[in-house]
Trainee: 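To start, I am sharing the structure in question, which I have written as structure tokens.
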Amino acid sequence: MITMIAYMLAVIVIGVAFARRANRSSEAYFLGGRSLGPWVTAMSAEASDMSGWLLMGLPGVAYWSGISDASWTAIGLAVGTYINWLITSKRLRRYSEKAGNAITLPEFFSNRFHEKSKVIMTLAALFILIFFTVYAASCLVTCGKLFSTLFGLDYVPMMIVGAVFVLIYTIIGGFLAESASDFMQSIVMITALIIIVVTGTVAAGGLDAVVENARSIPGFFDFFGIATPVTDAAGVQQVVDGVPQFGEAGIYGALNIVSMLAWGLGYFGMPQVLLRFMAIRSEHELTTSRRIATVWVLISLTVAVFIGLVGRTLYPAALTTASDAENVFILLSTSLLPPLLAGLVMAGILAATISSSDSYLLIAASAFAKNIYQGLMRREANDKQVLTISRVALVAITLVAIVIAMDENSVIFSIVSFAWAGFGATFGPLMLFSLFWKRTNRAGAIAGMIGGACMVFLWNLVISNLGGIWDIYELLPAFLFSSLCIVVVSLLTAPPSKEIEAEFEAVQAGK
């Protein structure tokens, strides 16, 4: 409790320290005045990207069904991270400044196509509101599970406490405070992961013991198979004489692998990462940022997956549902470490949650205040009014996220996967085509966004239920459908104006 409170106070202090700079203008509040250095850019991008999912969701998947799902997802994310930094970052930094000095993603897309009616801006802002509210809810679920498990208190009030804390902190400091604290929190996250994996491996009898236990479970330590826990009608794994029961290993084929690797496609549409590209002080520093981000991601994802195996070795029957399995990091920390150190490691989960939820809330609020309120409703609104409306929007979005997060049996991995697919398919193809295909036009952009978003819902709620070859992660088909919509509609409608093409060519030439 002492450690957690001290950590939360440190985060608040950072928010207060940056409050004056953040409130100078909407650009300073939402994008930090494009002043981030390479280390803060890289570490804050990855911390805000991974969220509590890294310390709870991914280890939970590995604990529940073995390495296949978790590892192929991690590989897809690592590859996607590197490629996104490699091909997207510099072009977006340059283009966002060229396109009317855009400070939000909807504003960039709108300015890129020289909109007058602001349809792209409105649609992009609405999709950000929808998917980031779901994303923020996943963070609140993490907070609720963390506090209720640690202190033995009810889930709902603990989840609300976490929401109020994140809300206050985000309102105070804006993007600069968020980025600075995310840098600190990225260090806390990776330190916590390493402490637990080393301590847990030693307690389990060493690396050989962990691997041997994993291999003893059918499909658990297999990249091309998957473990199948034997569960009752309520989804609770059966335990006989202290031994958790597993059925025959399932087949993990090429379709499953491609489906999980598709997680990497999501990065091209992730606002919390793309905004860091826009916010760095110089595009020439993005090469350094790319190297830092890639190393951080490779270490953290590898360790997170292995923590699931360590947990299954030490506490094979302690977590008997897919939802409970996401507490394996907490279980290891509280069981193996003294309270003060356990509190520090638990702060890693809090860090992951804060670093993501503040980004989600701030970007969603900026989408409403800057792009809908000022962009459509009151174009004459000044910076002070925009900042006021953004804070009102922060409260409203948080309240909706609290409602979504009320179910303590929610599986963090499932919530995150849906929101990730939403962003990846709605904005990913559009971002790539906007940056690299001159023939992309406004009609194609609108078709791509709507097509991608609708396909995510359709595939998740309807088509995947058909099973068989249709039961794949919705991001892959939705990303492909969105790309198809952009190409077909752009080619069937009038090409962009000479002015838009000239701007594209100038950015391409590095001017």
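One-based numbering along the sequence shown.
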Trainee: Side-chain atoms of residues 193-219: list all donor-acceptor pairs with protein atoms under 3.5 Å, sequence neighbours left out, distances to 0.1 Å.
Mentor:
| unit_1 | atom_1 | unit_2 | atom_2 | d |
| --- | --- | --- | --- | --- |
| T199 | OG1 | I195 | O | 2.7 |
| T201 | OG1 | V197 | O | 2.6 |
| N213 | ND2 | T313 | OG1 | 3.3 |
| S216 | OG | N213 | O | 2.5 |

Trainee: According to side chain to side chain donor-acceptor pair (under 3.5 Å), who are the partners of T321, at least two apart in sequence or on a separate chain?
Mentor: D324
Trainee: By the definition side chain to side chain contact (heavy atoms under 4.5 Å, CB included), identify the one residue from I486, L265, T88 that meets it with L432.
Mentor: T88
Trainee: Give a yes or no answer on whether the side chain of W72 reaches the backbone of N256 with a donor-acceptor pair at less than 3.5 Å.
Mentor: no
Trainee: Just so I know, are the side chains of S186 and E46 near enough to count as touching, which here means a heavy-atom distance under 4.5 Å?
Mentor: no
Trainee: Where do G37 and T41 come nearest, in terms of heavy atoms and distance?
Mentor: O-OG1, 2.7 Å
Trainee: Hey, could you give me the OH/CG distance between Y82 and L298, rounded to the nearest 0.5 Å?
Mentor: 11.0 Å
Trainee: Hey, is the main chain of Q272 close enough, under 3.5 Å, to the side chain of R276 for a donor-acceptor pair?
Mentor: yes
Trainee: Counting only N and O atoms by type, is there a donor-acceptor contact under 3.5 Å from the side chain of R93 to the main-chain atoms of E283?
Mentor: no
Trainee: Using ring centroids (six-membered ring only for Trp), state whether W85 and F277 fall under 6.0 Å.
Mentor: yes
Trainee: Are there over 12 heavy-atom neighbours, none belonging to F433, within less than 6.0 Å of that residue's CZ?
Mentor: yes
Trainee: Can you confirm whether more than 12 heavy atoms, excluding those of I251, are under 6.0 Å from its CD1 atom?
Mentor: no
Trainee: Do the non-hydrogen side-chain atoms of V400 and I404 ever get within less than 4.5 Å of each other?
Mentor: yes
Trainee: Within the structure provided, determine whether Y267 and I83 are in side-chain contact (heavy-atom separation under 4.5 Å).
Mentor: no
Trainee: For V156, is there any backbone N or O sitting under 3.5 Å from a side-chain donor or acceptor partner on D154?
Mentor: no
Trainee: Would a 4.5 Å heavy-atom cut-off, applied to side chains only, mark F223 and Y252 as touching?
Mentor: no
Trainee: Can you tell me if L340 has over 12 outside heavy atoms packed within less than 6.0 Å of its CG?
Mentor: no
Trainee: Among residues at least two apart in sequence or on other chains, which ones pass side-chain contact (heavy atoms from CB on, under 4.5 Å) with V295?
Mentor: I299
Trainee: Do any side-chain atoms of residues 60-68 form donor-acceptor pairs under 3.5 angstrom with protein atoms, and if so which ones, sequence neighbours left out?
Mentor:
| unit_1 | atom_1 | unit_2 | atom_2 | d |
| --- | --- | --- | --- | --- |
| Y63 | OH | Y315 | O | 2.6 |
| Y63 | OH | P316 | O | 3.4 |
| Y63 | OH | L319 | N | 3.4 |
| S65 | OG | V61 | O | 3.4 |
| S68 | OG | G225 | O | 2.9 |

Trainee: With a 3.5 Å distance limit and no angle check, can you tell me whether S300 reaches the backbone of V297 through a side-chain donor-acceptor pair?
Mentor: yes
Trainee: For a quick test of your reading: what N or O donor-acceptor pairs under 3.5 Å do the side chains of residues 240-248 make, sequence neighbours left out?
Mentor:
| unit_1 | atom_1 | unit_2 | atom_2 | d |
| --- | --- | --- | --- | --- |
| Q245 | NE2 | V243 | O | 2.8 |

Trainee: Taking the side chain as everything from C-beta on, heavy atoms only, tell me whether L58 gets closer than 4.5 Å to L301.
Mentor: yes
Trainee: Got a sec, which pairs hit side chain to side chain donor-acceptor pair (under 3.5 Å) with one end in residues 458-487, sequence neighbours left out?
Mentor: N460-E474
Trainee: Which heavy atom in R91 sits nearest to a heavy atom in L435, and how many Å separate them?
Mentor: NH1-O, 2.6 Å
Trainee: Mind listing the closest non-hydrogen atom pair of A45 and V273 along with its distance?
Mentor: O-CG2, 4.1 Å
Trainee: Nearest 0.5 Å, what's the CG-CE distance between L476 and M260?
Mentor: 10.0 Å
